[in-house]
Amino acid sequence: MHRLFQSRKLGWGLVLSLCLSILCLSLFITSPIKAQKTLKFATEPTFPPFEFQGKNGELVGFDIDLIQAIGKAADFQVQFQNMQFDGLIPALQAKTVDAAVSAMTITPERQKAVDFSRPYFKAGLAIAVKANNQDITSLKSLQNKRIAVQIGTTGALEAKKITGAKIRTFDNAPLSLQELLNGNVDAVINDAPATLYAIKQNNLKLLKITSQLLTEEYYGIPTPKGSPNLEDINKGLTTILNNGTYEQIYRKWFNAQPPQLPETTTIDNATSSINTITIISNALPNLLKGVVVTLYLTILCGFLGMIGGSLIGIARLSSITPLRWATTAYIDFFRGTPLLVQILMIYFGIPALVQGFGIKFSLNPFTATVLALSLNSAAYIAEIVRAGIQSIEKGQTEAAQSLGLGAVETMRYVIFPQALRRMLPPLANEFITLLKDTSLASVIGYQELLQEGRLIIANNYRSFEIFATVAIIYLVLTLLSSRAFAFLESWMNPVNKSLKGG
Ligand code: GLN
């Protein structure tokens with residue numbers, strides 16, 4: 001080393017390269033290369049051809065291509081995040097995402113909650129019916145009919161205006177079309193391009209749309225109010241509209257010439273000034289309707305589950321081997337698969353399967369929910385019953401039998417009443433779980449408490465107030481139920497009884 005530094009030539013070279021690297025480094029530190037920013041776009045990926053999953057699970061569609069092109073034109077990177085359609089605007093309000101792209105129509109109501117880009121697509125609502133349906137031809141003929149819609153959409157708003165219509169609300173458009181296919185509703189109101197695409201691409205040949213469009217709508221890209229990114233998005237959109245990229249993407253997905261788009265839609269900049277108290281008190285009547293439904297559902301399913309669970313629990317202790325196996329399989333199945341899957345399977349899967357054999361069969365959301373919740377809770381209750389019975393000492397059975405009681409009588413008069421008292425705490429748990437699980441029925445459009453809340457949010461976009469109210473109502477219901485069970489427990493305690501008696 002020492003020798004090397006003695007060589008002047010090498011020494012200067014080293015100093016020079018050192019200086020150069022310091023210069024580079026300082027340049028890099030003082031004026032960093034401007035890193036490309038990344039914007040997070042939320043989307044609801046079950047709306048072909050705008051956004052859906054491709055063959056390998058990747059996100060594809062018109063909107064997806066459009067945003068990628070806008071990102072390229074306006075020099076930002078794009079990241080997508082999936083969520084439910086009715087969660088998009090609340091997510092923008094909470095600023096958990098930078099923007100959303102989800103075939104979202106620009107409406108004055110939404111403009112109060114978010115800012116929209118310039119319009120990027122011309123669409124409109126259409127009525128979908130079964131191909132052989134002749135009597136539904138217009139909005140008027142939908143009066144008193146059963147209609148399926150997607151939650152929080154313009155289709156859902158339109159359906160609300162129809163007098164006497166029975167509306168079922170689903171999380172996404174494919175579920176509502178499935179509902180029409182299964183014969184549970186007479187029509188679906190949805191965006192025409194999406195419905196047409198679904199009919200063409202999937203095996204929905206049994207469906208058609210009625211000729212007229214109900215509305216003229218324009219899609220926009222929503223961002224949080226006052227977002228600094230809106231300008232970039234608009235700039236990028238204008239660039240690709242002018243340089244032919246937009247037309248290319250349009251042709252790729254719709255095989256047609258894109259229509260002329262306006263530069264703006266009516267701007268309504270009034271921000272909502274309704275206060276929290278008014279929001280909640282306006283929502284309460286509908287939420288209370290939901291409470292009644294939730295309680296009714298819980299009590300009914302708890303009762304049915306109790307009957308089924310007791311029978312299964314006793315059968316599990318039987319000496320007949322196939323019976324034991326069957327009950328074990330039942331319990332394993334219902335405890336081992338998510339309740340949500342069971343609800344969807346009973347409501348959508350089974351009718352579709354049965355209809356595949358040419359048999360006319362459908363379930364309404366109420367029956368499907370009661371079936372799923374009762375079958376599911378029966379599996380849990382069966383285990384509680386089994387454990388309760390097994391906890392009673394053998395000597396009791398022997399004593400009962402030595403008094404001449406048969407097996408059934410022993411169970412009914414000696415074992416079960418004692419076991420029931422021990423079963424009460426776990427049964428209370430099961431009841432409370434059941435009460436909360438009724439909220440899963442919202443996925444099949446059953447209007448229990450949570451669904452009532454979501455429907456309100458889909459109209460007023462006040463997610464915090466409404467979800468908080470819904471949560472508090474559930475809390476009050478579960479606290480009241482646990483108090484009721486505690487009371488029942490002490491009431492059934494023979495020690496308390498004899499104390500009171502004495
Ligand atoms: N365009 C409709 C709306 O904005 C539906 C959009 C969607 O389902 N993705 O309400």
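Order of listing sets the numbers, starting from 1, for every ligand and every atom in it.
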Please state which protein non-hydrogen atom is closest to [atom] and give its distance, to 0.1 Å?
| atom | result |
| --- | --- |
| atom 6 (C) of ligand 1 | Ala103 O, 3.2 Å |
| atom 8 (O) of ligand 1 | Gln150 OE1, 2.7 Å |
| atom 1 (N) of ligand 1 | Asp191 OD2, 2.5 Å |

Of Asp232, Leu230, Val114, which is the lone residue that meets side chain to side chain contact (heavy atoms under 4.5 Å, CB included) with Thr223?
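Of Asp232, Leu230, Val114, side chain to side chain contact (heavy atoms under 4.5 Å, CB included) with Thr223 is met by Leu230 alone.
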With the threshold set at under 4.0 angstrom, would you say Tyr219 reaches ligand 1 through any of its heavy atoms?
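So Tyr219 counts as touching ligand 1.
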Sub-4.0 Å heavy-atom approach of Ser102 to ligand 1
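Yes.
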Just checking, any donor-acceptor pair under 3.5 angstrom between side chains of [X] and [Y]?
| X | Y | result |
| --- | --- | --- |
| Gln84 | Arg454 | no |
| Thr337 | Gln342 | yes |
| Arg118 | Thr264 | no |
| Gln36 | Asp75 | yes |

Ring-ring centroid check Phe334 Tyr380, cutoff 6.0 Å:
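So the answer is no for these two rings.
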Contact atoms of ligand 1, heavy-atom distance to Thr154 under 4.0 Å
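Here the atoms of ligand 1 in question are 2 (C), 3 (C), 10 (O).
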Side chain, backbone, both or neither: which part of Thr153 has a heavy atom under 4.0 Å from ligand 1?
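For Thr153, the contact with ligand 1 is made by both the backbone and the side chain.
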Within reach of ligand 1, part of Phe85 (heavy-atom separation under 4.0 Å):
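Under 4.0 Å from ligand 1, Phe85 contributes side-chain atoms alone.
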Can you figure out which of Glu217, Arg110, Glu44 has its heavy atom closest to atom 3 (C) of ligand 1?
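Closest candidate by heavy-atom distance is Arg110.
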Pick from Gln93, Lys112, Arg110: which one makes a side chain to side chain donor-acceptor pair (under 3.5 Å) with Tyr461?
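When Gln93, Lys112, Arg110 are each tested with Tyr461, the side chain to side chain donor-acceptor pair (under 3.5 Å) holds only for Arg110.
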